[in-house]
Amino acid sequence: MRARCSPWPSWPPGGCDRLRIDFNEDDEVSHWTRRFGLSSEVLKSAIDEVGDHAHDIDQYRLEQQSSGHSHAS
């Protein structure tokens, strides 16, 4: 079951809507690439692979790091 609100204490303003990443919004892409340490291309690939929920992207990023794939910006 997906969390309804942020698992992170430093969540950006915007409430629970912030669980989804809108790749069409430049400010969101900028925020999430900095947050996750990913390039925008890798963020887009992750969204295509696992969806636009921030928690899923974070899990994807952690799995990629633990498997030895580096996707840093």
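Counting from 1, the numbers follow the sequence of the chain as shown.
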Taking C-beta and beyond as the side chain, do [X] and [Y] meet within less than 4.5 Å on heavy atoms?
{"X": "K44", "Y": "S40", "result": "no"}
{"X": "F23", "Y": "V29", "result": "yes"}
{"X": "R61", "Y": "L38", "result": "yes"}
{"X": "I57", "Y": "W32", "result": "no"}

> Between the main-chain N or O of D22 and the side-chain N or O of E28, is there a donor-acceptor pair closer than 3.5 Å?
Replying inline: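 Present.
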> Under 3.5 Å, is there a donor-acceptor pair between the side chain of S45 and the main chain of E41?
Replying inline: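 It does hold such a pair.
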> About how many Å separate CG of D26 and NE2 of H31, when rounded to the nearest 0.5 Å?
Replying inline: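 If I round to the nearest 0.5 Å, the distance is 14.5 Å.
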>> Take a 6.0 Å sphere around CG of D48 and say whether it holds more than 12 heavy atoms from other residues, nucleotides or ligands.
In response: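 For D48, atom CG is crowded (more than 12 foreign heavy atoms under 6.0 Å).
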> Stepwise, does the side-chain contact (heavy atoms from CB on, under 4.5 Å) test hold for I21 with F36?
Replying inline: CA-CA 12 Å; I21 300 169; F36 293 139; 4.1 Å; yes
